[in-house]
Each structure stands twice: as structure tokens, then as C-alpha cells.
Amino acid sequence: MDTIGTQDVGNGVNVQALLDARQALGAAPEAARFQWRARCQWVNGTHSRTTVHGFSGLGTEHAHRVPFVFDGDHPEVFASQDNGATPVETLLVALAGCLTAGVATVAARRGVRLRSVAASVSGDMDLQGILGIDADVRNGFSGVRVVYEIDADAPRADVEAIVAQSQKRSAVFDIVTNPTVVTVEVA
């Protein structure tokens with residue numbers, strides 16, 4: 001646990017609420033078990049629409065204030081309609097969002113005021129795997145890079161430590177960098 005101050009530094013993070021939640025969930029670990037859900041419907045061609053609304057945690061069902069809808073598709077260069085981001089781009093969005101939320105939270109926890117935070121995320125992919133051209137080429141990214149530009153009231157070493165702690169606590173970073181059991185079935 002970080003032991004640095006918890007004063008409000010204006011990063012928009014309620015650090016005390018997070019600390020209170022950490023203490024409460026430490027005392028009741030069963031409440032810390034959440035299930036996140038998404039429902040995807042095929043639209044046409046390679047276009048799909050995924051809705052995120054309900055989830056469970058703290059021993060009960062919850063819902064977001066409004067459903068969030070994500071369109072996924074492939075670009076015209078793949079003979080598709082380009083009605084949404086590709087699924088792999090959505091993964092990059094998730095990684096950037098999770099890491100950046102962590103940067104804001106860790107900075108607030110450490111009393112560092114952020115003026116601006118921007119992340120550039122890129123993933124390299126060889127389509128020969130997906131298209132079945134070369135079985136030795138993986139279907140997914142061969143590498144992902146995240147580069148931050150952060151303007152903060154802290155020395156570079158402190159900013160780098162904030163980013164490292166965000167990476168250490170990021171759920172999406174963990175999912176991307178560690179094997180996760182995924183079961184696919186037809187109901």
C-alpha cells in the first residue's frame with residue numbers, strides 16, 4: 001500500500017472513497033468478486049454492436065446509469081463498411097483507458113497534481129496469421145506500445161513511478177499480458 005498523503009489535488013479522484021472501499025473489501029473479500037458483462041449482436045457483414053449495461057458485485061446486481069453501446073467493424077480496405085472501430089482497436093482503447101485511470105488515481109493518492117495526461121497506444125499485427133496465409137504468424141498483436149505524455153507537478157522519476165504503479169494495478173494490462181482462461185461455446 002502506498003503510504004503517501006491522500007489530500008485532494010484536483011485530479012478528480014475521490015481517494016478517500018477508494019481507501020474506504022479497499023478497507024471494506026479487505027474485510028469482506030466475497031464482496032470484491034465482480035462479473036462484468038457485454039452482449040454483442042451481429043448487424044451485417046463484419047459489423048456488430050455490443051452493449052454494456054449490467055454487472056454484479058458487492059453481492060448484488062448493478063447497472064450503469066445508461067447502457068453503453070460500441071459498434072465494431074473492419075475498415076473498407078478489408079472490404080467492410082467501416083461502421084466502427086475494429087475489435088483490436090477496442091482492446092487498445094481499453095488498455096489506454098485502464099492505464100490512464102490508474103495514472104490519475106495513483107497520482108492523486110501520491111499528492112501529485114496532473115495538468116495533462118495523454119497516452120498513445122499502438123499494436124503491431126501481421127494479417128498473415130488471421131488470413132491463414134502463414135500458420136507460424138500469430139493472429140494477435142506481436143507487440144503493444146504505450147507512450148505517455150504527462151504534465152504534472154512532480155519530477156520525471158515520480159511520474160515514471162506513477163505510471164509503473166498504474167501498470168501494476170491495471171486489470172486490462174493484466175488481462176493482455178497474462179494468460180486468461182476464455183471459454184467459447186454455443187448455447
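Quick note: numbers below take in every heavy atom, side chains included, and nothing from hydrogens, waters or symmetry partners. What you see is a predicted model; the values in this text were computed from it and never measured.
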Task: Linked hydrophobic residues, V66 as query - side chain contacts closer than 4.5 Å - done: V52, F68, F70
Nearest non-hydrogen partners of [X] and [Y], listed with the distance:
X	Y	answer
N139	I130	OD1-N, 3.3 Å
V13	A108	CB-CB, 3.9 Å
L92	V144	CD2-CG1, 4.0 Å
A119	T100	CB-OG1, 4.0 Å
D158	A154	CB-CB, 3.9 Å
L99	S166	O-OG, 2.6 Å

Open item on the list: With no hydrogens and no angle check, just 3.5 Å: does a side-chain donor-acceptor pair link T51 and R39?
Closed with: no
Open item on the list: Test: side-chain hydrogen bond (donor to acceptor under 3.5 Å, both in side chains). Region: residues 55-65. Which pairs qualify, not counting sequence neighbours?
Closed with: R37-E61
Please tell me whether [X] and [Y] are part of a single hydrophobic cluster in this structure, the criterion being side-chain heavy atoms less than 4.5 Å apart.
X	Y	value
I162	V147	no
F55	L58	yes
V93	V117	no

Side chains of [X] and [Y] in contact at under 4.5 Å (non-hydrogen atoms):
X	Y	value
I133	L127	no
M125	V88	yes
N83	V43	no
Q165	R110	yes

Could you tabulate the donor-acceptor pairs under 3.5 Å formed by side-chain atoms of residues 173-183, not counting sequence neighbours?
from : atom 1 : to   : atom 2 : distance (Å)
D174 : OD1    : N178 : ND2    : 2.8
T177 : OG1    : F173 : O      : 2.7
N178 : ND2    : D174 : O      : 3.4
T180 : OG1    : N178 : O      : 3.4

Task: Pairing residues for W42 by the ring-ring contact (aromatic ring centres under 6.0 Å, His included) criterion, not counting sequence neighbours - done: none
Open item on the list: Y148 vs V159, test: side-chain contact (heavy atoms from CB on, under 4.5 Å). Steps then yes/no.
Closed with: CA-CA 10 Å; Y148 271 102; V159 171; over 6 Å; no
Open item on the list: Tell me if a side-chain donor or acceptor on D126 pairs with a main-chain N or O of Q128 at a distance below 3.5 Å.
Closed with: yes
Open item on the list: Any side-chain to backbone donor/acceptor pair from D71 onto H47? Under 3.5 Å, distance only.
Closed with: no
Task: From OG1 (T90) to CG (L95), nearest 0.5 Å - done: 12.5 Å
Open item on the list: What's the separation between atom CZ in R109 and atom CG in L18, rounded to the nearest 0.5 Å?
Closed with: 9.5 Å
Task: Set of side-chain contact (heavy atoms from CB on, under 4.5 Å) partners for T46, sequence neighbours left out - done: D73, H74, S80
TODO: Check side-chain contact (heavy atoms from CB on, under 4.5 Å) between R138 and all other residues, then give those that pass, not counting sequence neighbours.
DONE: none
- [ ] Kindly check if the number of other-residue, nucleotide or ligand heavy atoms within 6.0 Å of CD (E149) is above 12?
- [x] no
